[in-house]
Amino acid sequence: MAQKPAIPKGTRDFLPSEVAKRNYLFETIKSVFRRYGYAPIETPSFELSTTLMGKYGDEGDRLIFRILNSGEKMRKADLDALASDNLPRFANSLAEKALRYDLTVPFARFVVQHQNELTFPFKRYQIQPVWRADRPQHGRYQEFTQCDVDVVGSESLLYEVELIQIFDEVLSKLGLPGFSILINNRKILSGIAEVSNQASRIVEFTVAIDKLDKIGEEGVVKELTEKGFGVEAIEKIRPLFAFQGSNSDKMELMRTYLAQSEIGQQGLDELQEVLDHIAELGLSKGELIFDLTLARGLNYYTGAIFEVKAHDVKMGSICGGGRYDDLTALFGLKGLSGVGISFGADRIYDVMTELNLFPSTLDKTLDILFINFGDTEARYSLQLLKEVRQIGLAAEIYPSVAKLQKQLKYANDRNVPYVVMIGAEEAASGMLGFKDMVSGQQAQISRADFLTKCAQLS
RNA sequence: GAGGUUGUAGCUCAGUUGGUUAGAGCGUCGGAUUGUGGUUCCGAAGGUCGCGGGUUCGAGACCCGUCUUCCUCCCCA
């Protein structure tokens with residue numbers, strides 16, 4: 001019985017034209033990564049559940065795809081846990097492997113595991129798919145590709161600067177007309193929590209303040225109240241709702257506000273240093289903005305936090321990243337600070353499609369098509385075809401003796417710029433018909449002239 | 001995980017309060033035109049109406065379930 005073809009929700013097939021665009025995207029990204037001295041690594045698409053679980057907070061755990069144990073391993077199911085309603089534990093006993101959720105945590109595992117084989121600071125890039133059991137939406141998939149660059153083994157803020165330059169260079173190179181590179185620092189957020197006496201509830205606080213531009217001041221107050229923040233605490237953070245203006249205006253406000261917080265001042269110092277460097281070096285199309293409401297949920301960032309948003313499109317963040325001081329400590333290696341960023345290739349692809357930024361030349365996968373007029377005539381074409389390929393052009397001969405109309409239509413559909421016709425007449429005379437499919441013009445030229453032309457095209 | 005929404009030809013979509021044989025455009029294929037494509041004209045093929053159950057004399061349409069799509073939350077690339 002024929003089965004209706006389908007793929008799981010949140011996943012996609014890629015047609016040749018789409019792969020061409022994706023490769024162009026990846027190649028552009030890679031070329032920049034390499035130029036800044038990063039080398040590629042790869043890690044398995046699935047890890048041990050224990051490697052991933054608990055690293056992304058409760059929300060994150062929910063979104064991790066688990067791989068059901070197979071065969072005899074199914075007997076490991078912890079039925080006691082099920083009976084006592086301990087579903088997380090029961091789930092863990094059913095699945096000892098899980099699809100990776102991002103590239104950062106596996107990277108931390110990789111660094112600890114191979115620490116003796118690496119030179120620090122270790123700079124790597126990694127372009128691989130990740131999976132999230134999220135509900136699909138615009139720009140949101142269950143399988144998508146992340147392009148990460150990270151450096152571990154240095155606390156130098158020069159890397160923050162470098163990564164901002166990479167954001168700017170990649171996205172400018174891809175032709176995005178404008179985008180905002182949002183930056184914040186976890187220490188500033190900690191300082192706010194400290195000043196408002198809510199040090200232990202920083203996550204709830206940051207989640208609420210992250211919505212400032214969405215639900216407004218009243219909404220944030222309401223949400224904080226609902227979460228049990230007292231009137232006093234809310235009054236203490238109210239000055240932050242006026243946070244606006246230039247980066248230096250914002251810095252000034254925060255210097256005053258966080259005057260009593262040591263950690264807050266430290267965060268401001270760090271941010272200031274990065275801002276100064278970038279101001280001096282300049283950016284191409286990007287705009288670096290100090291954004292206090294940027295409080296990404298990932299609970300492993302300890303210093304800088306980044307996020308990038310493209311202008312003029314309705315799309316969430318297209319890039320993210322930040323500094324994490326303790327990530328490798330989770331796998332037993334302390335005192336190793338890391339900082340990294342991630343490009344959301346699929347979202348960038350969607351943005352570029354929407355803004356029509358892909359070069360039209362990407363469609364072309366064939367330079368020359370030889371028309372097939374018959375078995376005898378094709379012999380002449382085959383010899384020439386071989387030489388054309390050696391020159392470096394993509395070329396092929398139509399596989400059967402179909403009507404010329406059909407062969408030309410095929411050339412048309414394939415976006416082939418040139419067609420060569422060698423029929424009985426041409427085979428005898430040593431000439432060939434060379435047709436420009438764009439202009440429609442055709443000329444009889446010698447084989448030598450043809451090969452010269454091919455050499456120019458390659 | 002919560003709420004809403006969608007599904008009819010390869011694609012985009014019509015389809016009246018439930019009523020005969022479910023339509024159009026685009027695309028595909030064939031022909032006009034045996035060595036000249038994109039334009040034009042003529043013709044043809046192509047549908048378990050997402051899937052399963054129910055109501056009814058009768059369901060593409062109504063009800064229930066399920067999957068899928070898109071959207072708002074949550075969260076994130």
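Because only heavy atoms are used, hydrogens play no part in the values below, and waters and symmetry mates are left out as well, while side chains stay in.
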In the strands shown, is [N] matched to any nucleotide by a Watson-Crick or G-U wobble pair with both distances under 3.5 Å, and which?
N: B:G65; answer: B:C51
N: B:G25; answer: B:C11
N: B:C57; answer: B:G19

So [X], base contact, sugar-phosphate only, or nothing? Heavy-atom distance under 4.0 Å.
X: A:Asn412; result: base
X: A:Gly10; result: sugar-phosphate
X: A:Gly440; result: base
X: A:Tyr410; result: nothing
X: A:Ser342; result: nothing
X: A:Lys309; result: nothing
X: A:Val438; result: base
X: A:Gln146; result: sugar-phosphate

#### Entry: Over-ring placement of A:Arg132 relative to A:Tyr101, 6.0 Å and 45° cut-offs
yes

If the plane angle is over 60° it's perpendicular, under 30° parallel, otherwise tilted; pick one for [X] and [Y].
X: A:Phe290; Y: A:Phe243; value: perpendicular
X: A:Tyr324; Y: A:Tyr300; value: perpendicular
X: A:Tyr24; Y: A:Phe358; value: perpendicular

Base of [N] paired with side chain of [X] (donor-acceptor, under 3.5 Å):
X: A:Arg414; N: B:G37; answer: no
X: A:Arg347; N: B:C76; answer: yes
X: A:Arg135; N: B:C74; answer: no

Expressed in angstrom and rounded to an integer, what is the separation of [X] atom [atom1] from [N] atom [atom2]?
X: A:Arg66; N: B:G1; atom1: CZ; atom2: P; result: 12 Å
X: A:Leu408; N: B:U39; atom1: CG; atom2: P; result: 14 Å
X: A:Tyr101; N: B:C76; atom1: OH; atom2: C1'; result: 6 Å
X: A:Trp131; N: B:C76; atom1: CH2; atom2: C1'; result: 17 Å
X: A:Asp102; N: B:C75; atom1: CG; atom2: P; result: 18 Å
X: A:Tyr418; N: B:G37; atom1: OH; atom2: C1'; result: 16 Å
X: A:Lys9; N: B:U69; atom1: NZ; atom2: C1'; result: 11 Å
X: A:Tyr398; N: B:G37; atom1: OH; atom2: P; result: 15 Å

### Query
Side chains of A:Gln441 and A:Asp436: donor-acceptor distance under 3.5 Å anywhere?
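No.
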
### Task
Dump the intermediate steps for side-chain hydrogen bond (donor to acceptor under 3.5 Å, both in side chains) on A:Asp350 and A:Tyr141, then the final yes or no.
CA-CA 12 Å; A:Asp350 290 347; A:Tyr141 307 98; 2.6 Å; yes

### Task
Would you check, one step at a time, whether the test side-chain hydrogen bond (donor to acceptor under 3.5 Å, both in side chains) holds for A:Arg323 with A:Ser337?
CA-CA 7 Å; A:Arg323 180 171 286 275; A:Ser337 182; 2.7 Å; yes

### Query
A:Asp363 side chain to A:Ser17 main-chain N or O, any donor-acceptor pair under 3.5 Å?
no

### Task
If a protein heavy atom is under 4.0 Å from the base, mark B; if only from the sugar-phosphate, S; if neither, -; do that for nucleotides 26-35 of chain B going 5' to 3'.
--SSSS-B-B

## Note on the structure
When A:Asp436 and A:Pro136 are each assigned the nearest nucleotide of RNA chain B, the 5'-most assignment goes to A:Asp436

### Message
Both A:Phe343 and A:Pro8 contact RNA chain B. Taking the nearest nucleotide for each, which residue is further toward the 5' end?
### Response
A:Pro8

### Message
Could you check whether A:Phe343 and A:Phe167 have their ring centres less than 6.0 Å apart?
### Response
yes

